[in-house]
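One-based numbering, in listed order, for ligands and for the atoms of each. Counting begins at 1 with the first residue of the sequence.
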Amino acid sequence: MTNDTILVVGGAGYIGTHMVKDLLQEGFQVVVLDDLSTGHHDLLPGGDFIQGQIGDRAVLDRIFTQFSISAVMHFAACSLVGESVENPIKYYRNNVSHTTELLAAMRRHQVNHFIFSSTAAVYGNPKIQPIPEDAVLKPTNPYGTTKVAIEDLLRYCDDAFGIKSISLRYFNAAGADLSGTIGERHRPETHLIPIVLQTALKEREHLNIFGTNYPTRDGTCVRDYIHVTDLTRAHLLALTVLMNGGDSAVYNLGNSRGYSVRDVIDVSQKISRRKIPFIETDRRPGDPPELVADSTNAREKLGWQPQYEDLEAIIETAWTWHRNEAKKNECICKG
Ligand code: UDP
(Lines give C-alpha, C1' and ligand atoms only; values in the text may rest on other atoms or scores of the structure.)
Protein backbone atom coordinates (compact mmCIF):
# COMPACT_ATOMS: atom_id res chain seq x y z
CA MET A 1 0.00 0.00 0.00
CA THR A 2 1.02 3.59 -0.59
CA ASN A 3 -0.37 6.99 0.30
CA ASP A 4 0.76 8.51 -2.96
CA THR A 5 -1.69 10.18 -5.27
CA ILE A 6 -1.05 10.01 -8.98
CA LEU A 7 -2.61 12.41 -11.48
CA VAL A 8 -3.46 10.47 -14.62
CA VAL A 9 -4.07 12.91 -17.43
CA GLY A 10 -6.05 11.24 -20.18
CA GLY A 11 -7.05 8.48 -17.75
CA ALA A 12 -10.34 7.78 -19.54
CA GLY A 13 -8.62 6.74 -22.77
CA TYR A 14 -7.49 3.32 -23.95
CA ILE A 15 -4.14 3.08 -22.18
CA GLY A 16 -5.23 5.48 -19.40
CA THR A 17 -8.10 3.26 -18.18
CA HIS A 18 -5.78 0.25 -17.98
CA MET A 19 -3.25 2.39 -16.11
CA VAL A 20 -5.86 3.60 -13.62
CA LYS A 21 -6.91 0.01 -12.95
CA ASP A 22 -3.30 -1.04 -12.34
CA LEU A 23 -2.56 1.94 -10.06
CA LEU A 24 -5.68 1.31 -7.97
CA GLN A 25 -4.75 -2.35 -7.68
CA GLU A 26 -1.31 -1.33 -6.43
CA GLY A 27 -2.93 0.84 -3.73
CA PHE A 28 -2.32 4.30 -5.21
CA GLN A 29 -4.86 7.10 -4.95
CA VAL A 30 -5.75 8.23 -8.45
CA VAL A 31 -7.01 11.52 -9.83
CA VAL A 32 -8.06 11.48 -13.49
CA LEU A 33 -8.17 14.60 -15.64
CA ASP A 34 -9.76 13.99 -19.04
CA ASP A 35 -11.79 16.15 -21.40
CA LEU A 36 -13.60 13.05 -22.74
CA SER A 37 -12.89 14.14 -26.31
CA THR A 38 -11.80 10.57 -27.02
CA GLY A 39 -12.04 8.94 -23.58
CA HIS A 40 -15.04 7.17 -22.05
CA HIS A 41 -16.26 7.81 -18.55
CA ASP A 42 -18.12 4.49 -18.41
CA LEU A 43 -14.84 2.61 -18.80
CA LEU A 44 -13.07 4.33 -15.89
CA PRO A 45 -12.27 1.75 -13.21
CA GLY A 46 -12.31 4.31 -10.36
CA GLY A 47 -10.43 7.24 -8.84
CA ASP A 48 -11.47 10.91 -8.59
CA PHE A 49 -12.60 12.16 -11.98
CA ILE A 50 -12.30 15.74 -13.20
CA GLN A 51 -13.56 16.63 -16.66
CA GLY A 52 -11.40 19.35 -18.13
CA GLN A 53 -8.63 20.24 -20.55
CA ILE A 54 -5.01 19.57 -19.76
CA GLY A 55 -4.06 23.01 -21.02
CA ASP A 56 -6.51 24.78 -18.68
CA ARG A 57 -4.44 26.63 -16.12
CA ALA A 58 -7.32 27.17 -13.68
CA VAL A 59 -8.33 23.50 -13.71
CA LEU A 60 -4.72 22.41 -13.22
CA ASP A 61 -4.19 24.84 -10.32
CA ARG A 62 -7.35 23.59 -8.68
CA ILE A 63 -6.26 19.96 -8.95
CA PHE A 64 -2.72 20.55 -7.70
CA THR A 65 -4.09 22.61 -4.77
CA GLN A 66 -6.85 20.19 -3.81
CA PHE A 67 -4.80 16.98 -4.05
CA SER A 68 -1.30 16.24 -2.88
CA ILE A 69 -0.02 14.88 -6.19
CA SER A 70 3.22 12.84 -6.10
CA ALA A 71 3.54 12.23 -9.83
CA VAL A 72 1.82 12.89 -13.14
CA MET A 73 1.25 10.34 -15.90
CA HIS A 74 0.33 11.90 -19.20
CA PHE A 75 -1.79 9.94 -21.70
CA ALA A 76 -3.87 12.82 -23.08
CA ALA A 77 -2.36 13.21 -26.52
CA CYS A 78 -3.79 13.10 -30.00
CA SER A 79 -2.13 10.01 -31.42
CA LEU A 80 -3.18 9.30 -34.98
CA VAL A 81 -0.52 9.49 -37.65
CA GLY A 82 -2.97 10.08 -40.51
CA GLU A 83 -4.96 12.74 -38.68
CA SER A 84 -1.75 14.54 -37.69
CA VAL A 85 -0.82 14.83 -41.36
CA GLU A 86 -4.28 16.26 -42.15
CA ASN A 87 -4.47 18.61 -39.16
CA PRO A 88 -1.01 19.45 -37.77
CA ILE A 89 -2.27 22.47 -35.82
CA LYS A 90 -4.54 20.26 -33.71
CA TYR A 91 -1.49 18.14 -32.88
CA TYR A 92 0.80 21.01 -31.97
CA ARG A 93 -1.96 22.67 -29.93
CA ASN A 94 -2.84 19.60 -27.91
CA ASN A 95 0.40 17.66 -27.75
CA VAL A 96 2.81 20.57 -27.43
CA SER A 97 0.99 23.67 -26.09
CA HIS A 98 -1.27 21.85 -23.64
CA THR A 99 1.50 19.59 -22.40
CA THR A 100 3.66 22.67 -21.87
CA GLU A 101 0.87 24.14 -19.69
CA LEU A 102 0.75 20.90 -17.73
CA LEU A 103 4.49 21.07 -17.07
CA ALA A 104 4.19 24.75 -16.13
CA ALA A 105 1.52 23.83 -13.57
CA MET A 106 3.74 21.06 -12.19
CA ARG A 107 6.50 23.59 -11.81
CA ARG A 108 4.20 26.08 -10.01
CA HIS A 109 3.11 23.38 -7.59
CA GLN A 110 6.51 21.70 -7.26
CA VAL A 111 5.48 18.32 -8.56
CA ASN A 112 8.65 16.80 -9.90
CA HIS A 113 7.83 13.36 -11.29
CA PHE A 114 6.43 12.89 -14.77
CA ILE A 115 5.80 9.80 -16.88
CA PHE A 116 5.35 10.66 -20.53
CA SER A 117 3.71 8.58 -23.25
CA SER A 118 6.03 8.90 -26.20
CA THR A 119 6.01 6.83 -29.37
CA ALA A 120 7.96 4.83 -31.93
CA ALA A 121 6.87 7.51 -34.41
CA VAL A 122 9.78 9.65 -33.13
CA TYR A 123 12.15 7.49 -35.20
CA GLY A 124 10.63 8.01 -38.66
CA ASN A 125 12.18 5.51 -41.06
CA PRO A 126 15.12 4.20 -39.06
CA LYS A 127 17.92 2.29 -40.78
CA ILE A 128 18.40 -0.16 -37.92
CA GLN A 129 15.72 -2.68 -36.84
CA PRO A 130 15.11 -3.41 -34.00
CA ILE A 131 15.47 0.26 -33.11
CA PRO A 132 17.56 1.28 -30.11
CA GLU A 133 16.70 4.45 -28.15
CA ASP A 134 19.79 6.25 -29.41
CA ALA A 135 18.74 5.92 -33.08
CA VAL A 136 18.35 9.23 -34.91
CA LEU A 137 15.00 10.95 -34.23
CA LYS A 138 13.54 11.90 -37.59
CA PRO A 139 9.75 11.64 -37.49
CA THR A 140 7.85 11.39 -40.78
CA ASN A 141 4.63 12.94 -39.46
CA PRO A 142 3.48 15.77 -37.16
CA TYR A 143 2.41 13.31 -34.45
CA GLY A 144 5.97 12.03 -34.03
CA THR A 145 7.37 15.55 -34.24
CA THR A 146 5.18 16.77 -31.37
CA LYS A 147 6.42 13.90 -29.20
CA VAL A 148 10.05 14.76 -29.95
CA ALA A 149 9.30 18.37 -28.99
CA ILE A 150 8.06 17.30 -25.55
CA GLU A 151 10.92 14.85 -25.02
CA ASP A 152 13.27 17.80 -25.69
CA LEU A 153 11.32 20.06 -23.35
CA LEU A 154 11.48 17.41 -20.63
CA ARG A 155 15.27 17.36 -20.77
CA TYR A 156 15.31 21.15 -20.38
CA CYS A 157 12.75 21.00 -17.54
CA ASP A 158 15.00 18.54 -15.71
CA ASP A 159 18.03 20.86 -16.09
CA ALA A 160 16.13 24.04 -15.25
CA PHE A 161 13.57 22.94 -12.64
CA GLY A 162 14.56 19.45 -11.50
CA ILE A 163 11.44 17.83 -12.98
CA LYS A 164 12.44 14.17 -13.42
CA SER A 165 10.72 12.33 -16.20
CA ILE A 166 10.64 8.97 -17.90
CA SER A 167 9.51 8.99 -21.51
CA LEU A 168 8.17 5.66 -22.70
CA ARG A 169 8.25 5.21 -26.44
CA TYR A 170 5.38 2.83 -27.13
CA PHE A 171 5.40 0.72 -30.23
CA ASN A 172 1.88 -0.50 -31.16
CA ALA A 173 -0.32 -0.79 -28.08
CA ALA A 174 -2.89 -3.56 -28.47
CA GLY A 175 -5.08 -6.02 -26.59
CA ALA A 176 -7.29 -5.54 -23.56
CA ASP A 177 -7.46 -6.23 -19.86
CA LEU A 178 -8.11 -9.91 -19.12
CA SER A 179 -11.40 -9.06 -17.38
CA GLY A 180 -12.85 -8.11 -20.79
CA THR A 181 -14.42 -5.02 -19.18
CA ILE A 182 -11.98 -2.41 -20.47
CA GLY A 183 -10.34 -2.24 -23.85
CA GLU A 184 -9.79 -0.24 -26.99
CA ARG A 185 -12.76 1.94 -28.00
CA HIS A 186 -11.99 4.73 -30.44
CA ARG A 187 -14.67 6.61 -32.34
CA PRO A 188 -13.95 6.65 -35.18
CA GLU A 189 -11.63 3.64 -35.03
CA THR A 190 -8.48 3.85 -37.13
CA HIS A 191 -6.21 1.22 -35.56
CA LEU A 192 -5.51 -2.02 -37.34
CA ILE A 193 -6.36 -4.69 -34.76
CA PRO A 194 -9.76 -3.24 -33.70
CA ILE A 195 -10.68 -2.71 -37.35
CA VAL A 196 -9.74 -6.29 -38.25
CA LEU A 197 -11.77 -7.66 -35.33
CA GLN A 198 -14.75 -5.42 -36.08
CA THR A 199 -14.63 -6.80 -39.61
CA ALA A 200 -14.64 -10.33 -38.17
CA LEU A 201 -17.74 -9.30 -36.18
CA LYS A 202 -19.35 -8.06 -39.42
CA GLU A 203 -19.51 -4.51 -38.09
CA ARG A 204 -17.60 -3.62 -41.27
CA GLU A 205 -17.89 -5.20 -44.70
CA HIS A 206 -14.15 -5.27 -45.22
CA LEU A 207 -10.95 -3.58 -44.11
CA ASN A 208 -8.43 -1.72 -46.25
CA ILE A 209 -4.81 -2.77 -46.31
CA PHE A 210 -2.96 0.52 -46.67
CA GLY A 211 -0.13 -0.26 -49.06
CA THR A 212 1.14 -3.59 -50.35
CA ASN A 213 4.39 -2.45 -51.98
CA TYR A 214 6.45 -1.57 -48.92
CA PRO A 215 9.99 -3.00 -48.75
CA THR A 216 8.92 -5.64 -46.21
CA ARG A 217 8.53 -9.43 -46.21
CA ASP A 218 5.01 -9.40 -47.70
CA GLY A 219 4.77 -5.79 -48.89
CA THR A 220 2.61 -4.58 -45.97
CA CYS A 221 3.76 -2.49 -43.02
CA VAL A 222 5.45 -4.23 -40.11
CA ARG A 223 4.76 -3.20 -36.51
CA ASP A 224 5.73 -4.37 -33.04
CA TYR A 225 2.50 -5.02 -31.10
CA ILE A 226 2.71 -4.72 -27.34
CA HIS A 227 -0.03 -5.64 -24.89
CA VAL A 228 -1.61 -2.74 -23.03
CA THR A 229 -1.14 -4.32 -19.59
CA ASP A 230 2.54 -4.91 -20.36
CA LEU A 231 2.70 -1.18 -21.08
CA THR A 232 1.05 -0.26 -17.79
CA ARG A 233 3.44 -2.57 -15.89
CA ALA A 234 6.33 -0.62 -17.41
CA HIS A 235 4.73 2.63 -16.20
CA LEU A 236 4.53 1.29 -12.66
CA LEU A 237 8.19 0.31 -12.79
CA ALA A 238 9.13 3.74 -14.16
CA LEU A 239 7.07 5.43 -11.45
CA THR A 240 8.87 3.45 -8.76
CA VAL A 241 12.23 4.47 -10.21
CA LEU A 242 11.34 8.17 -10.12
CA MET A 243 9.76 8.04 -6.66
CA ASN A 244 12.92 6.39 -5.37
CA GLY A 245 15.02 9.29 -6.62
CA GLY A 246 15.98 7.84 -10.01
CA ASP A 247 17.08 9.91 -12.96
CA SER A 248 15.23 10.97 -16.08
CA ALA A 249 15.34 8.44 -18.90
CA VAL A 250 13.81 7.32 -22.17
CA TYR A 251 12.81 3.72 -22.92
CA ASN A 252 11.37 1.83 -25.85
CA LEU A 253 8.47 -0.47 -25.04
CA GLY A 254 7.88 -3.23 -27.55
CA ASN A 255 8.22 -7.00 -27.94
CA SER A 256 11.02 -6.78 -30.49
CA ARG A 257 9.00 -8.88 -32.94
CA GLY A 258 7.63 -7.49 -36.15
CA TYR A 259 4.25 -8.53 -37.59
CA SER A 260 2.88 -7.37 -40.93
CA VAL A 261 -0.66 -6.19 -41.62
CA ARG A 262 -1.26 -9.54 -43.35
CA ASP A 263 0.03 -11.40 -40.26
CA VAL A 264 -2.51 -9.53 -38.13
CA ILE A 265 -5.33 -10.54 -40.47
CA ASP A 266 -4.18 -14.20 -40.57
CA VAL A 267 -3.87 -14.50 -36.79
CA SER A 268 -7.25 -12.77 -36.31
CA GLN A 269 -8.92 -15.20 -38.74
CA LYS A 270 -7.48 -18.09 -36.77
CA ILE A 271 -8.61 -16.75 -33.39
CA SER A 272 -12.08 -15.65 -34.50
CA ARG A 273 -12.52 -18.67 -36.80
CA ARG A 274 -14.07 -16.26 -39.29
CA LYS A 275 -13.13 -15.12 -42.77
CA ILE A 276 -12.05 -11.49 -42.68
CA PRO A 277 -12.53 -9.72 -46.04
CA PHE A 278 -10.03 -7.05 -47.05
CA ILE A 279 -9.15 -4.91 -50.04
CA GLU A 280 -5.73 -3.60 -50.96
CA THR A 281 -5.55 0.18 -51.24
CA ASP A 282 -3.00 2.99 -51.41
CA ARG A 283 -0.51 3.74 -48.69
CA ARG A 284 -1.66 5.92 -45.79
CA PRO A 285 0.45 9.11 -45.73
CA GLY A 286 3.04 9.26 -42.95
CA ASP A 287 3.29 5.49 -42.34
CA PRO A 288 6.85 4.15 -41.99
CA PRO A 289 7.33 0.64 -43.47
CA GLU A 290 8.70 -1.01 -40.34
CA LEU A 291 8.93 -0.19 -36.62
CA VAL A 292 10.31 -2.84 -34.28
CA ALA A 293 11.66 -2.03 -30.82
CA ASP A 294 14.91 -2.87 -29.19
CA SER A 295 13.61 -2.91 -25.60
CA THR A 296 16.78 -4.21 -23.95
CA ASN A 297 17.11 -1.09 -21.82
CA ALA A 298 13.59 -1.31 -20.37
CA ARG A 299 14.17 -4.97 -19.55
CA GLU A 300 17.59 -4.42 -18.00
CA LYS A 301 17.16 -1.05 -16.29
CA LEU A 302 13.48 -1.15 -15.30
CA GLY A 303 13.34 -4.93 -14.83
CA TRP A 304 10.44 -5.02 -17.29
CA GLN A 305 9.31 -8.41 -18.56
CA PRO A 306 6.39 -8.39 -21.03
CA GLN A 307 3.94 -11.23 -20.39
CA TYR A 308 2.33 -11.28 -23.84
CA GLU A 309 5.10 -11.97 -26.26
CA ASP A 310 3.26 -13.27 -29.26
CA LEU A 311 0.57 -11.76 -31.41
CA GLU A 312 -1.94 -14.57 -30.82
CA ALA A 313 -1.98 -13.97 -27.07
CA ILE A 314 -2.46 -10.24 -27.62
CA ILE A 315 -5.24 -10.60 -30.21
CA GLU A 316 -7.02 -13.20 -28.06
CA THR A 317 -7.60 -10.56 -25.32
CA ALA A 318 -8.69 -7.96 -27.89
CA TRP A 319 -11.15 -10.46 -29.40
CA THR A 320 -12.80 -11.07 -26.00
CA TRP A 321 -13.15 -7.31 -25.48
CA HIS A 322 -14.58 -6.60 -28.94
CA ARG A 323 -17.09 -9.44 -28.66
CA ASN A 324 -18.23 -8.01 -25.31
CA GLU A 325 -18.55 -4.55 -26.85
CA ALA A 326 -20.58 -5.98 -29.74
CA LYS A 327 -22.93 -7.73 -27.30
CA LYS A 328 -23.31 -4.51 -25.30
CA ASN A 329 -24.13 -2.54 -28.45
CA GLU A 330 -26.64 -5.18 -29.53
CA CYS A 331 -28.43 -4.90 -26.16
CA ILE A 332 -28.50 -1.09 -26.42
CA CYS A 333 -29.97 -1.30 -29.96
CA LYS A 334 -32.62 -3.86 -28.91
CA GLY A 335 -33.05 -1.94 -25.77
N1 UDP B 1 -3.52 -0.25 -41.28
C2 UDP B 1 -4.18 -0.79 -42.37
N3 UDP B 1 -5.54 -0.68 -42.41
C4 UDP B 1 -6.27 -0.07 -41.44
C5 UDP B 1 -5.58 0.46 -40.33
C6 UDP B 1 -4.21 0.37 -40.29
O7 UDP B 1 -3.57 -1.34 -43.28
O8 UDP B 1 -7.51 0.00 -41.56
C9 UDP B 1 -2.05 -0.34 -41.21
C10 UDP B 1 -1.36 1.01 -41.11
O11 UDP B 1 -1.13 1.55 -42.37
C12 UDP B 1 -0.08 0.64 -40.34
C13 UDP B 1 -0.49 -0.54 -39.47
O14 UDP B 1 -1.72 -1.04 -40.04
O15 UDP B 1 0.89 0.20 -41.24
C16 UDP B 1 -0.74 -0.15 -38.05
O17 UDP B 1 -1.59 0.99 -38.03
P18 UDP B 1 -2.26 1.55 -36.74
O19 UDP B 1 -3.11 2.70 -37.14
O20 UDP B 1 -2.92 0.43 -35.99
O21 UDP B 1 -1.03 2.03 -35.83
P22 UDP B 1 0.20 3.05 -36.14
O23 UDP B 1 1.34 2.16 -36.54
O24 UDP B 1 -0.22 4.01 -37.17
O25 UDP B 1 0.43 3.68 -34.81
[options]: member with heavy atom nearest to [atom]:
{"atom": "atom 4 (C) of ligand 1", "options": "Tyr170, Phe278, Phe210, Tyr143", "result": "Phe210"}
{"atom": "atom 12 (C) of ligand 1", "options": "Ile209, Asn141, Asp287, Ile193", "result": "Asp287"}
{"atom": "atom 13 (C) of ligand 1", "options": "Val261, Thr220, Val264, Leu291", "result": "Val261"}

Check Arg283 against ligand 1 and report side chain, backbone, both or neither, counting heavy atoms closer than 4.0 Å.
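The answer is neither.
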Would one find an N or O of Arg284, backbone or side chain, under 3.5 Å from an N or O of ligand 1?
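For ligand 1, there is an N or O atom that lies under 3.5 Å from one belonging to Arg284.
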Nearest protein heavy-atom contact for [atom]: which residue, which atom, what distance?
{"atom": "atom 5 (C) of ligand 1", "value": "Thr190 O, 3.4 Å"}
{"atom": "atom 21 (O) of ligand 1", "value": "Asn172 ND2, 3.1 Å"}
{"atom": "atom 20 (O) of ligand 1", "value": "Leu192 N, 2.8 Å"}

Running the 4.5 Å side-chain criterion over Ile, Leu, Val, Met, Phe, Trp and Tyr, what cluster does Val292 land in, apart from itself?
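Direct or chained contacts put Val292 with Val222.
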Could you check whether Ser295 and Asn252, counting side-chain N and O atoms only, form a donor-acceptor pair closer than 3.5 Å?
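The answer is no; no qualifying pair exists.
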Just by distance, no angles: are the side chains of Thr317 and His227 close enough, under 3.5 Å, to form a donor-acceptor pair?
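Their side chains do contain a donor-acceptor pair, which is all the 3.5 Å distance test asks for.
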Flag yes if more than 12 heavy atoms outside Arg284 fall under 6.0 Å of its CZ atom; otherwise flag no.
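Result for CZ/Arg284: enclosed.
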Heavy-atom neighbours of Gln110 CD exceed 12 at 6.0 Å
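Check fails, neighbour count at 12 or below.
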Taking 4.0 angstrom as the limit, do Glu83 and Lys90 come out as a salt bridge?
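A salt bridge links Glu83 with Lys90.
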Less than 4.0 Å between a side-chain N and a carboxylate O, is that true for Arg169 and Glu151?
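A salt bridge is present here (some side-chain N lies under 4.0 Å from a carboxylate O).
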Which atoms from ligand 1 have a heavy atom of Cys221 less than 4.0 Å away?
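With Cys221 as reference, the close atoms of ligand 1 come out as 15 (O).
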Only heavy atoms of Asn208, strictly under 4.0 Å: list the atoms of ligand 1 that pass.
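In order of number, 2 (C), 3 (N), 4 (C), 7 (O), 8 (O).
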